[in-house]
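Worksheet for the structure shown next.
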Amino acid sequence: MKRTLQITVLLSLLTTGLFAQQQPKVLPADQELSLKYGADRLGKRQDAAMQQFRDNRLGAFIHWGLYAIPGGEWNGKVYNGAAEWLKSWAKVPADEWLKLMDQWNPDKFNARAWAKMAKKMGAKYVKITTKHHEGFCLWPSKYSKYTVAQTPYKKDILGELVKAYNDEGIDVHFYFSVMDWSHPDYRYDIKSEEDAVAFARFLEFTDNQLKELATRYPTVKDFWFDGTWDASIKKNGWWTAHVERMLKDMLPGVTINSRLRADDYGKRHFDSNGHLMGDYESGYERRLPDPVKDLKVTRWDWEACMTIPENQWGYHKDWSLSYV
Ligand code: FHN
């Protein structure tokens with residue numbers, strides 16, 4: 001009995017020790033921590049691609065996925081929260097949610113008309129959700145069963161959009177959610193060896209999808225990461241640094257938002273020394289920099305995403321509802 005208790009205590013100490021987030025040492029104010037996965041540059045990027053990103057100024061952000069079908073309503077109940085989170089609000093199991101794919105047949109979709117509208121509107125770039133948290137891919141990914149290719153529509157929506165926008169001279173940016181509700185190996189935290197092994201498989205799957213996107217659509221100008229706030233990702237800061245490097249090697253000039261990144265200690269956006277990671281700050285949406293505090297000292301580029309309704313990114317059938 002005593003021995004079992006000792007083993008249990010030892011095991012749980014080992015588990016909490018091994019899988020806990022590392023904490024930084026406290027250093028005197030004039031010293032910086034040595035980081036393997038912190039900012040890889042101080043100050044703003046000065047190359048032509050980054051200048052293009054700045055000059056573009058106005059973009060359109062498109063969220064399009066299975067959530068557009070129920071539009072905020074599940075089993076007769078309308079949920080006020082963001083429509084693309086409906087699966088979570090209504091506690092819909094993944095396999096049931098993904099059956100919406102059988103209804104995905106947007107036969108009136110016309111990428112060229114969308115691109116012409118964006119041009120008229122003055123958008124110089126468009127960000128598109130390649131995959132939101134639900135896991136459904138707008139491109140025919142060979143690494144997932146949950147893609148446009150397995151729907152009645154079948155066609156590569158992302159490919160059509162990239163071509164149409166590029167034909168109008170509009171840059172395309174890819175939104176990509178790392179958190180993926182459709183994938184059995186996704187973990188919110190790493191608390192055991194089993195979690196670590198599953199999550200390693202998940203990271204490999206994500207690498208493959210990102211390489212696939214970069215290879216299939218080489219004109220993409222930016223990767224905008226989301227769904228990167230979980231402890232599992234914060235404990236794998238090395239991976240976020242690796243993704244940034246991998247995409248920049250594959251697509252010279254590509255820009256990447258700060259939201260992807262976590263450092264050695266799980267510190268996000270800005271590393272443990274206070275330096276911006278990635279190429280520009282994408283803080284919480286609808287947040288503009290503080291004109292005094294941030295802009296006075298700013299040494300980084302930034303982008304703000306504004307929703308027109310209170311907090312809706314995907315289509316909701318009643319945008320007049322308040323979020324809370
Ligand atoms: O959870 C998402 C949300 O649905 C939406 O995609 C926004 C866009 O910035 N990002 C996340 C919340 O921060």
Side-chain angles (χ1 to χ4, degrees), residues 53 56 58-74 78-92 94 97-98 100 123 125-139 146 157-158 161 172-183 186-188 206 209-210 213 222-234 240 243 255-262 266 268-270 277-289 301-319 321-324:
F53 173 94
N56 280 346
L58 179 72
F61 200 166
I62 299 174
H63 277 57
W64 195 20
L66 298 176
Y67 40 84
I69 298 171
E73 178 178 344
W74 198 259
V78 175
Y79 293 79
N80 297 6
E84 70 283 2
W85 275 80
L86 179 65
K87 175 189 177 304
S88 171
W89 308 144
K91 302 191 173 35
V92 187
W97 180 262
L98 291 159
L100 287 168
Y125 70 103
V126 171
K127 285 190 193 288
I128 308 164
T129 48
T130 58
K131 173 175 93 163
H132 201 263
H133 312 330
E134 64 182 3
F136 177 62
C137 305
L138 283 196
W139 83 101
Y146 311 117
I157 298 250
L158 189 63
L161 286 170
V172 174
H173 294 189
F174 284 170
Y175 166 108
F176 185 94
S177 170
V178 176
M179 176 170 76
D180 184 330
W181 295 332
S182 75
H183 203 291
Y186 186 74
R187 294 290 181 277
Y188 294 94
T206 307
Q209 284 208 317
L210 290 169
L213 283 170
D222 174 273
F223 275 80
W224 198 93
F225 288 93
D226 200 10
T228 45
W229 44 73
D230 285 326
S232 51
I233 298 167
K234 292 199 269 183
T240 69
V243 165
T255 52
I256 295 189
N257 65 339
S258 63
R259 199 178 285 198
L260 165 69
R261 296 285 276 102
R268 298 182 59 233
H269 297 257
F270 292 88
M277 296 180 285
D279 298 316
Y280 60 96
E281 162 63 340
S282 54
Y284 192 64
E285 41 269 356
R286 300 191 297 152
R287 178 189 177 274
L288 288 171
D301 289 288
W302 57 274
E303 179 190 52
C305 303
M306 286 288 159
T307 49
I308 296 168
E310 193 174 327
N311 184 24
Q312 293 292 344
W313 299 88
Y315 164 75
H316 195 295
K317 54 179 67 165
D318 188 354
W319 277 359
L321 292 171
S322 172
Y323 178 57
V324 276

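In this text, all values refer to a predicted model and were calculated from it rather than measured experimentally. By convention here, the first residue in the shown sequence is residue 1. First listed ligand is number 1; within each ligand, the first listed atom is number 1.
In this structure, Q312 has no heavy atom closer than 4.0 Å to ligand 1.
Annotation: Y146 is not in aromatic contact with F136 [ring centroid separation under 6.0 Å not met]. Between H316 and Y79, the distance separating the two ring centers is not shorter than 6.0 angstrom.
Close N/O approach between W229 and ligand 1 is not found [any backbone or side-chain N/O within under 3.5 Å]. On a distance-only criterion, E285 and ligand 1 share at least one N/O pair closer than 3.5 Å.
Every atom of ligand 1 with a heavy atom of W224 under 4.0 Å away is listed here by number and element: 9 (O). Close approach of ligand 1 to E84 is summarised as follows: ligand atoms under 4.0 Å from at least one heavy atom of the residue are 3 (C), 4 (O), 5 (C). Of all atoms in ligand 1, listed by their number and element, those nearer than 4.0 Å to a heavy atom of Y284 are 13 (O). Of all atoms in ligand 1, numbered sequentially from 1 with element shown, those under 4.0 Å from a heavy atom of H132 are 2 (C), 3 (C), 4 (O), 5 (C), 6 (O). Shown in contact with H133 at under 4.0 Å from a heavy atom are these atoms of ligand 1, numbered in order with element: 1 (O), 2 (C). Close approach of ligand 1 to H63 (heavy-atom distance below 4.0 Å) involves ligand atoms 5 (C), 6 (O), 8 (C).
For the pair D230/Y186, a side-chain contact is recorded, criterion being any heavy-atom separation below 4.5 Å from C-beta on. The shortest side-chain heavy-atom distance between H133 and E84 does not fall under the 4.5 Å cut-off.
F61 and W313 have perpendicular rings, their planes meeting at more than 60° on a 0 to 90° scale where under 30° would count as parallel. F176 and F225 have perpendicular rings, their planes meeting at more than 60° on a 0 to 90° scale where under 30° would count as parallel.
Taking atom 11 (C) of ligand 1 as the reference point, the nearest protein heavy-atom neighbour is D226 OD2, 2.9 Å.
Proximity of R259 to ligand 1, defined as any heavy-atom pair under 4.0 Å, is confined to the side chain (atoms from C-beta onward).
In summary, the side chains of E281 and S258 do present a donor paired with an acceptor at a separation below 3.5 Å, with no hydrogens or angles considered.
Comment: E285 engages R259 in a salt bridge, judged by a side-chain N to carboxylate O separation of less than 4.0 angstrom.
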